[in-house]
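First the proteins, then the strands, lettered A, B, ... as listed; each starts at 1.
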Amino acid sequence: MGAEGCVVTGSIGLSRGGKSADRYRRIYAVVARIPRGRVATYGQVARLAGLGGHARLVGYALSALKDGSRIPWHRVVNAKGRISLRGDRSPANVVQRLRLERESVRFEVSGIISLERFRWRPR
DNA sequence: CCACTGACGAGTG
DNA sequence: GCACTCGCCAGTG
């Protein structure tokens, strides 16, 4: 799908000065480009968005997404290849795993994804 | 303005 | 591989 043209409508309540809002927009734009069946890490997304070193912002930005947004947030995992949402106590955790498995992304017994195999490598 | 929290990551022992 | 620390940014009380 042409994710590049996907406009982000998910405002987070930041109406002032646009610095922060612009960062969020970049983050969403990158996540929207992750192809089906692939995953990217928070740090990777931050780096691709020109925000190297701010992986935490990516997680913060994704947490602000609403249900129904077109952003494939489930394709973002941590550096260990593990799903981590609010200390593993959120139902969204299960949703993420199910969505990924449905895209053929396999989980190992330890509950992690082999980044060697499924990491998105944009060219 | 300060303290605390939160979908993280890299470094250290 | 695990536990702990520090750095970074944004939002809330």
Reckon [X] has a side-chain N or O less than 4.0 Å from the OP1 or OP2 of [N]?
X       : N     : answer
A:Arg82 : B:dA7 : no
A:His54 : C:dC8 : no
A:Ser84 : B:dA7 : no

Here's a test of your reading of the structure: between A:Leu57 and A:Gly43, which maps to the more 5' nucleotide of DNA chain B? A:Leu57
[atom1] of [X] versus [atom2] of [N]: gap in Å, rounded?
X        : N      : atom1 : atom2 : result
A:Ile112 : B:dG9  : CD1   : C1'   : 16 Å
A:Arg26  : C:dA10 : CZ    : P     : 12 Å
A:Leu62  : C:dG11 : CG    : C1'   : 16 Å
A:Tyr60  : B:dG9  : OH    : P     : 17 Å
A:Arg23  : C:dA10 : CZ    : P     : 5 Å
A:Ile27  : C:dC9  : CD1   : P     : 12 Å
A:Asn78  : B:dA7  : CG    : C1'   : 9 Å
A:Tyr42  : B:dG9  : OH    : P     : 8 Å

Should we say atom CZ of A:Arg47 is surrounded by more than 12 heavy atoms from elsewhere, each under 6.0 Å from it?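 No, not enclosed.
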Is any side-chain heavy atom of [X] closer than 4.5 Å to a side-chain heavy atom of [Y]?
X        : Y        : value
A:Gln96  : A:Ser84  : no
A:Glu108 : A:Ser110 : yes
A:His74  : A:Arg97  : no

From C-beta outward on A:Tyr24, which listed nucleotide comes closest to its side chain: B:dG9, C:dA10, B:dC8?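 The answer is C:dA10, which lies nearest to the side chain.
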I want to verify a distance call: between B:dG9, C:dG7, B:dA7, whose nearest atom is closest to the A:Ala79 side chain?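 Ranking B:dG9, C:dG7, B:dA7 by closest atom to the A:Ala79 side chain puts B:dG9 first.
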Salt bridge or not for A:Arg38 and A:Glu103, using N-O below 4.0 Å? no
